[in-house]
Structures are given as C-alpha cells and as structure tokens.
Colleague: 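Dropping a structure here in structure tokens format, bear with me for questions.
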Amino acid sequence: MQGSFISELFPKHTPMELLIEHAKILSEVTKDVKPLVEKYFNHEDIGELVDRISDKESKADKIKFKLRKMFHKRIKTPYTAKDLLEYLHKQDFLIDSIEDISKKLSLNRIDGLDEEVQTLFLELVDVIIKAMGYLEEMTENAKKAINTSFAKKVLDAEESDSVRIEDLEGEVDKLSLKIGKWIYSHKNKLNPIDLIFFRELVLLFVEIADEAENTAELLNALIK
Amino acid sequence: MTTILILAIIVGFIMAMAIGANDVANSMASAVGAKAITIKQAVIIAFLLEFAGAYFFGQMVTNTIRKGIVDPNLITNYKMLIAGGFAALISAALWVFLATVFSLPVSTTHAIVGGMTGFGIAALGWGAINWLIIVFIVASWFLSPFLGGLLSYIVFKIISSTILHKDDPLKAAKKVGPVMTGITFFIIMLMLMKKGLHLDNFFLIVGVSLVTGLIASIVGYFLIRNLKAKKENGYEATEKIFRNIQVITSCYVSLAHGSNDVANAIGPLAAIIVAATTQSVGTTAEIPKFILAIGGLGIAIGVAAWGHRVMKTVGEGITELTNTRGFSIDFATASTVFLASVLGLPVSSTHTVVGAVTGVGYARGLEAINVDKLKEIALSWVLTVPLAAITSGLLFELFKYWI
C-alpha cells in the first residue's frame with residue numbers, strides 16, 4: 001500500500017527552502033573569507049580553507065541543479081519561476097565570486113602590505129560578511145512573507161534589509177576608494193604585479209557588493 | 001436469498017473498509033499534514049465521526065446512488081437490480097483497490113456512479129439512465145472542487161486580512177479564532193438538526209444552532225485568551241491557535257466525508273438488500289438504518305485497520321502546510337461536501353480537498369503546488385467513470401445468469 005496522492009500535490013522541497021539552503025551556503029563561504037584573508041596576510045597556509053570554500057560551492061551547485069530540475073515539472077509558487085531562477089542565478093554568482101577570491105589568493109603571495117591597508121581590507125571583508133548576512137535574512141523573509149500572507153511587517157523588514165545592503169554597498173565603495181588610493185600611493189614601492197593583483201582582489205569585492213545590492217533589490221521587488 | 005444478502009453485506013462492507021483505508025486519509029490529509037492531529041487521533045476521530053456522518057446524514061446521497069441514476073420504473077425484475085447492484089459494487093471496489101494499492105487519484109464516488117451507469121446501460125440501454133441526474137452529478141464534480149477552492153480562498157483571505165496582516169497577529173487571532181469556531185459549530189448543528197434529526201421548525205433549528213455556535217465561541221475564547229507569546233513569535237502563536245481549531249475542523253471533515261462517501265459503499269448494497277428482502281424493485285422502501293450503520297462501521301474499521309499507513313505518508317509528505325492553511329482547506333472541504341450531502345449529490349471529497357488546496361495556493365498561501373499532479377487528477381476524473389461503467393457492464397452481463 002502506498003501513500004495518499006494528496007501529499008504528492010506538494011513537492012518534497014519547496015523552491016524557497018532550497019533558496020534558503022543556497023543563501024546559507026553563501027553566508028557560510030563569506031564568513032570563511034575573513035580567516036582566509038587573515039591567514040593570507042600572515043603568510044600562513046590557506047589551502048584547507050580554499051578547499052572548504054570550494055566544497056561548499058559544489059554543494060551550492062547541487063542545490064542549484066535541484067532547483068532548476070524542480071522547475072522542469074510545473075509547480076505553482078507565489079513567485080514566478082523566472083524570478084526565482086534569476087534570483088538563484090544572482091546568488092550563485094556571489095558564491096562563485098567568493099570561490100574565485102579564495103582561489104585567487106592561493107595564486108600569489110604579496111609582501112609589503114602594511115597594517116593600514118590590511119585593516120582597510122579586513123573592514124571590507126567585514127562589510128561584505130554583513131551584507132551576505134542580510135541577504136540570507138532577506139531570503140528567509142521571502143519564505144516568511146508567504147507564511148504570513150505577505151504581511152506589511154514582513155515586507156517592511158525586507159525593504160529595510162535591502163536599504164541596509166545598499167548602504168553597505170556604499171561603504172564598500174568608500175573603502176575600495178581608500179584602498180585604491182593606498183595602492184596608487186605605493187606604485188613605486190611595491191611590485192607592480194602585486195599591486196595589480198591586489199587591485200583586482202578589491203575590485204572583486206566591489207563587484208560582489210554591487211551584485212549583492214542587485215540581488216537584494218530583486219528579492220525586494222519579487223515579494224511585492 | 002440469504003446467501004445473496006450475506007454476500008452483498010460482505011462486498012459492501014469491504015468496499016466501505018476500502019473507502020476508510022484510502023479516502024479518509026485523503027480527506028484528513030491537511031489536518032495530519034499540518035500536524036494539527038496525530039495519526040492516532042485522526043484514526044479515533046475518523047472512527048467515531050465517519051460513522052456518525054454516515055449514520056445521520058448518509059441517506060440522501062445513498063438514495064441518489066440507489067435509485068437516482070438508473071430509472072427504477074424501467075427495472076421490471078428485481079433480480080436485475082440485484083445483479084446490477086453487485087456489478088456496480090464490485091467494479092467500484094476494484095477501482096478503489098487499485099487506487100489504494102497504487103496511490104492513484106481515483107475517486108470512489110466517480111467509480112460508483114460509473115458502475116451504476118454501466119449496469120443501467122448494459123441492462124436496459126442508454127434510455128434507462130436518468131441523464132438529468134447524471135448531469136447534476138457530473139456538474140457537481142466540477143462545482144465541488146471549484147466551490148472548495150473558492151471557499152478556501154475566501155477563508156484564507158479573511159484569515160490573512162483579519163489576523164496575519166495585523167500588527168499583533170496573536171491578539172487578532174484571539175478575537176477571530178473563536179468566531180471561526182462558532183461558525184463551524186453553527187453549520188454542523190444546523191445540518192445535524194435539519195438533515196440528521198429531520199426537524200422542520202426553522203426558528204428552533206436556527207436558534208439552537210446559533211446558541212451552540214455562541215457557546216463554542218465563548219469556550220474557545222476562554223481556552224485561548226491566556227495564550228502568550230513574544231511579539232516576534234506572534235505568527236507561531238497564531239498557528240498554534242489554529243492548530244487547536246483544526247482539531248474541530250478535522251472532526252467536521254470526518255463527519256462530512258462519512259455523510260457523503262458512505263453512499264459509495266451502501267448505495268448499491270441498499271438497492272440489493274431492498275430488492276432481495278421485498279422481492280421487488282422497491283423504490284418507495286426506506287433504506288434500513290442498519291445498512292447505514294454497516295457502511296459507517298466499515299469505513300471506521302477501514303480507517304482503524306489501514307488508514308494510519310496512508311496517513312503516515314501524508315504526515316511525512318506535507319511539510320509546508322501551516323495550520324491557518326490547513327484550517328482554510330478543512331473548513332472549505334467539509335462545508336462543500338456537507339452541502340453536497342444535504343443536496344443528495346455524490347461528490348468526491350478527495351477532489352474537493354484538491355480544489356481547496358488549490359484555492360489556498362491561488363491566495364498565495366502555499367509555497368508550492370505540483371501543477372502536474374493536478375492535471376493527473378483531472379484526467380482521472382474523465383477516465384474513472386467510463387472505465388468503471390465498462391467494468392460494471394461486463395460484470396452485469398456475467399451476474400445476470402447467476403442470480
């Protein structure tokens with residue numbers, strides 16, 4: 001005897017559950033960046049952390065495929081499949097970018113980064129961690145929005161988080177400018193390849209912050 | 001004739017048990033899925049209330065199945081009715097069996113209506129079928145999921161606007177919850193007095209129903225008034241309130257299911273018993289109450305013996321149903337099925353549940369619904385009736401030589 005077909009009306013996993021799982025991975029890999037950068041600055045071995053981030057990225061990919069596969073069947077959700085897949089794509093891009101940063105760090109060691117720029121860079125990482133935390137919260141809120149039948153309170157919270165991420169993106173811009181100034185003020189002191197390498201790293205973080213802002217805006221628009 | 005009577009009771013009883021094993025789990029899926037009741041509680045509720053629903057309210061639908069589909073004036077030989085009753089019952093039982101084993105979305109209601117139609121066509125030709133009744137029945141199959149869907153949509157929207165969208169959902173739920181409980185009791189009492197006890201005094205019926213609803217509201221208010229929660233957990237506390245209310249609506253579902261679906265087992269059984277005992281077509285004879293009791297008992301035993309297995313998969317399979325959704329689905333399903341029972345229309349309670357689930361989905365209340373499964377269910381509506389009719393027609397051709 002099998003079960004009731006009523007339960008088959010409901011997919012085993014909902015798209016929002018998978019997106020939250022995916023967002024959690026994003027938050028986790030971003031938190032891994034802080035010890036990674038600290039170790040990098042201290043010239044310690046970062047191999048283990050790079051592998052860990054890579055493993056998590058693979059896990060995120062599996063969720064991505066699962067979610068895409070879910071939409072091969074026709075399922076009705078309060079959000080359109082197109083919007084959810086676009087959101088997934090953006091969130092996945094962020095995880096990929098974090099993995100890119102971790103791999104990039106393993107390519108080249110930079111000497112001569114003083115305490116001032118190291119502090120600025122770590123501040124940049126902290127801001128990104130905060131932004132990803134809010135993004136995770138927003139994804140959870142998008143599920144909560146369904147549970148509360150799109151209560152204004154939840155929609156307002158989503159809007160506030162989106163504004164916070166926007167503000168953090170502004171902070172990243174300011175920090176990147178400061179770091180940029182430091183880079184160009186050291187053009188005669190450091191190896192040019194190292195300077196380009198370091199600049200690229202900063203630009204990757206700027207790109208992540210931009211994309212986090214876009215992702216938050218998409219999510220905010222999606223639940224309204 | 002004694003052998004025929006015993007055989008008919010055995011087949012009808014098996015059919016009722018199959019309905020209990022399979023259909024009850026479907027109709028109580030939202031209550032079990034939303035963790036409002038445990039499987040054990042569901043079995044106890046179903047055992048008692050399916051029986052009560054069948055016994056008190058089952059007569060109208062049973063009469064439709066027994067003498068509404070095939071024109072009884074054209075049946076000249078009571079043996080023909082006995083053979084036809086067996087053919088319809090066995091063909092429907094076969095479909096219920098297949099539905100239970102393979103988890104197919106087959107409706108026992110559709111199967112039995114198809115079975116009776118098949119027998120009528122095989123025995124007396126196309127002209128013997130009361131097509132107007134068939135049109136009403138078929139229309140109700142489309143109307144019941146639609147009505148279930150519409151009602152669940154409206155109920156959920158009311159819950160959303162009066163509770164979930166408020167700043168303090170718990171405070172709002174403490175006010176609205178008892179009103180919902182009162183309305184549920186009002187409807188049950190109204191139906192019980194009108195159709196169960198056959199009372200005719202309008203003012204008495206409405207008055208007693210209103211008082212019952214009011215008492216239920218007051219009791220509900222006192223039971224939940226001290227429930228406290230931190231402001232951020234207001235939604236969880238609201239769901240907790242509805243978890244308690246859902247216990248009542250799951251009783252309502254059981255009662256409604258028993259009232260409608262018992263006819264699928266005992267409609268043909270009643271036809272056989274009346275024909276065998278009176279040795280006539282017996283259109284004017286009343287259905288003996290013991291037949292309703294047999295059907296009710298069969299469903300109840302079916303639930304107790306096998307229903308828990310099906311419910312287990314429901315309980316584990318549905319993770320996204322919250323209690324406010326479950327309540328909307330249950331209330332809409334039970335009200336629609338109950339209304340159909342009162343009108344004597346054999347509707348599929350399972351398909352009404354499906355309609356109610358879709359209604360909440362359209363109110364943006366569910367995270368995801370499998371639309372492909374909905375299509376599969378819709379297709380089964382089209383297929384079940386002709387397949388059951390053909391099976392029944394063939395069985396009738398076989399049985400008419402033996403009886």
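We name chains A, B, ... by the order of the sequence lines, and we start the count at 1 in each one. Remember, predicted model here, so these are calculated numbers, not experimental data.
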Colleague: Counting heavy atoms not belonging to B:Lys240, are there more than 12 under 6.0 Å from its NZ?
Modeller: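 No, NZ of B:Lys240 has 12 or fewer neighbouring heavy atoms, counting only those of other groups under 6.0 Å.
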Colleague: Under the criterion side-chain contact (heavy atoms from CB on, under 4.5 Å), I'd like the reasoning laid out for B:Leu321 against A:Phe10: C-alpha separation, chi angles, the key distance, then a yes or no.
Modeller: CA-CA 9 Å; B:Leu321 259 189; A:Phe10 302 91; 4.1 Å; yes
Colleague: Looking at A:Pro15, A:Ala151, A:Ala145, which makes the most heavy-atom pairs under 4.5 Å with chain B?
Modeller: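 Of the options given, most contacts go to A:Ala151.
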Colleague: Can you say whether B:Lys375 sits under 4.5 Å from chain A via the side chain, the backbone, both, or neither, judging by heavy atoms?
Modeller: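 For B:Lys375, the contact with chain A is made by the side chain alone.
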Colleague: Report, as yes or no, whether the 6.0 Å neighbourhood of atom NZ on A:Lys130 holds more than 12 heavy atoms from other residues, nucleotides or ligands.
Modeller: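 No - once you tally the heavy atoms of other residues, nucleotides and ligands closer than 6.0 Å, there are 12 at most.
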Colleague: Does the side chain of B:Leu374 come within less than 4.5 Å of A:Leu9's, by heavy atoms?
Modeller: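 A side-chain contact under 4.5 Å exists here.
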Colleague: Taking B:Asp372 for the side chain and A:Arg74 for the main chain, is one N or O donor matched with an acceptor at less than 3.5 Å?
Modeller: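 Side chain of B:Asp372 to backbone of A:Arg74: a pair is present.
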Colleague: What pair of heavy atoms forms the shortest contact from A:Leu222 to B:Arg364, and how long is it?
Modeller: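 Taking A:Leu222 first and B:Arg364 second, the nearest heavy atoms are O-NH2, 4.3 Å.
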Colleague: Taking B:His165 for the side chain and A:Ser149 for the main chain, is one N or O donor matched with an acceptor at less than 3.5 Å?
Modeller: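 Here the side-chain-to-backbone pair exists.
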Colleague: So what's closer than 4.5 Å to chain A heavy atoms on B:Tyr362: side chain, backbone, both or neither?
Modeller: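 Both backbone and side chain.
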Colleague: What distance do A:Lys153 atom NZ and B:Leu164 atom CG have between them, rounded to the nearest 0.5 Å?
Modeller: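 CG of B:Leu164 is found 10.5 Å from NZ of A:Lys153.
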Colleague: What closest approach, in Å, do B:Asn370 and A:Pro11 show between heavy atoms, and which atom pair accounts for it?
Modeller: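 Here B:Asn370 and A:Pro11 meet closest at N-CD, 4.2 Å.
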Colleague: Just how far is it from atom CD of B:Glu236 to atom CG of A:Asn147, taken to the nearest 0.5 Å?
Modeller: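 If I round to the nearest 0.5 Å, the distance is 10.0 Å.
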Colleague: Quick one: side chain to side chain contact (heavy atoms under 4.5 Å, CB included) partners of A:Phe93, sequence neighbours excluded?
Modeller: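 Checked A:Phe93 against side chain to side chain contact (heavy atoms under 4.5 Å, CB included); matches are A:Ser97, A:Glu207, A:Glu211.
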Colleague: Crowded around B:Lys171 NZ? As in, over 12 foreign heavy atoms under 6.0 Å?
Modeller: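 At most 12 heavy atoms, drawn from other residues, nucleotides or ligands, come within 6.0 Å of this atom.
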Colleague: Please report the closest heavy-atom contact between B:Glu367 and A:Met16, naming both atoms and the distance.
Modeller: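 Smallest interatomic distance, heavy atoms only, reads OE1-CB, 3.5 Å.
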Colleague: Given a strict heavy-atom distance threshold of 4.5 Å, which part of B:Ser161 is in contact with chain A: side chain, backbone, both, or neither?
Modeller: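 B:Ser161 has no heavy atom closer than 4.5 Å to chain A.
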Colleague: Within a radius of less than 6.0 Å around NZ of B:Lys174, do more than 12 heavy atoms belonging to other residues, nucleotides or ligands occur?
Modeller: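 Atom NZ in B:Lys174 is crowded, with more than 12 foreign heavy atoms closer than 6.0 Å.
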Colleague: Would one find more than 12 heavy atoms of other residues, nucleotides or ligands at under 6.0 Å from atom NZ of B:Lys175?
Modeller: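 Atom NZ in B:Lys175 is not packed in, count stays at 12 or less.
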Colleague: Assess whether atom NZ of A:Lys34 is packed by more than 12 heavy atoms of other residues, nucleotides or ligands within 6.0 Å.
Modeller: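 Correct, the count exceeds 12.
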Colleague: Atom NZ of residue position B:Lys40 - does it have more than 12 heavy atoms of other residues, nucleotides or ligands inside 6.0 Å?
Modeller: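 Count not over threshold, so no.
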